[in-house]
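Below you'll find the structure, written out as structure tokens, and then a few comments.
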Amino acid sequence: MMVEKPMLCSIKHLLDDQVEVPRLITVRGWVRTRRDSKAGLSFLTINDGSCLDTIQAVVPATLANYDSEVKRLTAGASVIVNGMLVPSRGKSQRFEIHQR
């Protein structure tokens, strides 16, 4: 069985429609905002400096480092996000990254 390796991408690259969706990707950048929901999810807005736009990462509470790391992230924190690039359900963005 072959395991798909995440593709390292800039946010500009993702938003310019240069990556097929869905696709396993890695984004490196900084947290702009973090919102937590009562449904056991956190929404991270990530910027990497490749453009002015951001991308949202949807992080479930089932992630191993959720309580120890994700819940402690603040604006400006450096992150590496691995997940599946998918079409967004939100109105303000085309794509988002879903953590597994």
Side-chain angles (χ1 to χ4, degrees):
M1 182 169 123
M2 188 171 181
V3 176
E4 181 183 5
K5 183 177 179 184
M7 177 182 182
L8 179 60
C9 299
S10 69
I11 292 171
K12 180 176 178 24
H13 189 81
L14 296 175
L15 299 180
D16 285 345
D17 294 324
Q18 296 182 26
V19 177
E20 280 188 43
V21 177
R23 172 71 195 237
L24 192 59
I25 58 139
T26 297
V27 171
R28 298 175 183 165
W30 297 272
V31 174
R32 266 226 188 130
T33 62
R34 186 195 86 230
R35 293 180 295 111
D36 302 320
S37 77
K38 293 178 183 178
L41 297 170
S42 286
F43 300 93
L44 305 177
T45 304
I46 311 294
N47 180 269
D48 68 357
S50 64
C51 62
L52 294 176
D53 290 322
T54 60
I55 196 157
Q56 177 173 270
V58 180
V59 185
T62 56
L63 201 64
N65 65 342
Y66 186 78
D67 288 323
S68 63
E69 295 179 27
V70 175
K71 293 283 284 189
R72 296 177 183 204
L73 291 173
T74 59
S78 175
V79 292
I80 299 173
V81 178
N82 295 304
M84 188 65 66
L85 182 69
V86 297
S88 177
R89 295 180 194 167
K91 294 178 183 176
S92 62
Q93 68 244 357
R94 293 189 342 251
F95 305 108
E96 60 191 19
I97 303 169
H98 283 209
Q99 298 284 296
R100 295 188 208 182

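Quick caveat: nothing in here was measured; it's all calculated off a predicted structure. The figures that follow rest on heavy atoms only: side chains count, while hydrogens, waters and symmetry mates do not.
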Quiz: residues 39-48 side-chain donor-acceptor pairs under 3.5 angstrom, not counting sequence neighbours:
{"residue": "S42", "atom": "OG", "partner": "D36", "partner atom": "OD1", "Å": "2.5"}
{"residue": "S42", "atom": "OG", "partner": "Y66", "partner atom": "OH", "Å": "2.8"}
{"residue": "T45", "atom": "OG1", "partner": "T33", "partner atom": "OG1", "Å": "2.9"}
{"residue": "N47", "atom": "OD1", "partner": "G49", "partner atom": "N", "Å": "3.0"}
{"residue": "N47", "atom": "ND2", "partner": "C51", "partner atom": "O", "Å": "3.3"}
{"residue": "N47", "atom": "ND2", "partner": "D53", "partner atom": "O", "Å": "3.0"}
{"residue": "D48", "atom": "OD1", "partner": "S50", "partner atom": "N", "Å": "2.9"}
{"residue": "D48", "atom": "OD1", "partner": "S50", "partner atom": "OG", "Å": "2.6"}
{"residue": "D48", "atom": "OD2", "partner": "I11", "partner atom": "N", "Å": "2.8"}
{"residue": "D48", "atom": "OD2", "partner": "S50", "partner atom": "OG", "Å": "3.4"}

Please report, to 0.1 Å, the donor-acceptor pairs under 3.5 Å made by any side chain of residues 67-90, with sequence neighbours excluded.
{"residue": "E69", "atom": "OE1", "partner": "N65", "partner atom": "ND2", "Å": "3.2"}
{"residue": "N82", "atom": "OD1", "partner": "T26", "partner atom": "OG1", "Å": "2.4"}
{"residue": "S88", "atom": "OG", "partner": "G90", "partner atom": "N", "Å": "2.9"}
{"residue": "S88", "atom": "OG", "partner": "Q93", "partner atom": "NE2", "Å": "3.0"}
{"residue": "S88", "atom": "OG", "partner": "E96", "partner atom": "OE1", "Å": "3.2"}

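In terms of the salt bridge (Lys or Arg N to Asp or Glu O under 4.0 Å) criterion, residue partners of R94 (sequence neighbours excluded) are, by chain and number, D17. Taking R23 as the reference, E4 meet the salt bridge (Lys or Arg N to Asp or Glu O under 4.0 Å) condition, with sequence neighbours excluded. In this structure, the salt bridge (Lys or Arg N to Asp or Glu O under 4.0 Å) partners of D16, at least two apart in sequence or on a different chain, are K12. For the side-chain hydrogen bond (donor to acceptor under 3.5 Å, both in side chains) test, residues two or more places apart in sequence or in another chain that qualify with Q18 are H13.
The list of salt bridge (charged side-chain N to carboxylate O under 4.0 Å, His left out) pairs with a residue in residues 75-87, not counting sequence neighbours, is empty.
No single ILVMFWY cluster, assembled from side-chain heavy atoms under 4.5 Å apart, contains both L24 and I97. Following chains of ILVMFWY side-chain contacts shorter than 4.5 Å, one cannot reach W30 starting from V58, and the two form parts of different hydrophobic clusters.
With a 4.5 Å cut-off between side-chain heavy atoms of Ile, Leu, Val, Met, Phe, Trp and Tyr, the cluster of L8 takes in none.
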* Test log, rule side chain to side chain contact (heavy atoms under 4.5 Å, CB included), inputs M7 and E20 -> CA-CA 11 Å; M7 177 182 182; E20 280 188 43; over 6 Å; no
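Within 6.0 Å of atom CZ in R28, 12 or fewer heavy atoms from other residues, nucleotides or ligands are found, so the atom counts as exposed in its surroundings.
Side-chain atoms of F95 and L14, non-hydrogen and from C-beta on, never get closer than 4.5 Å to each other.
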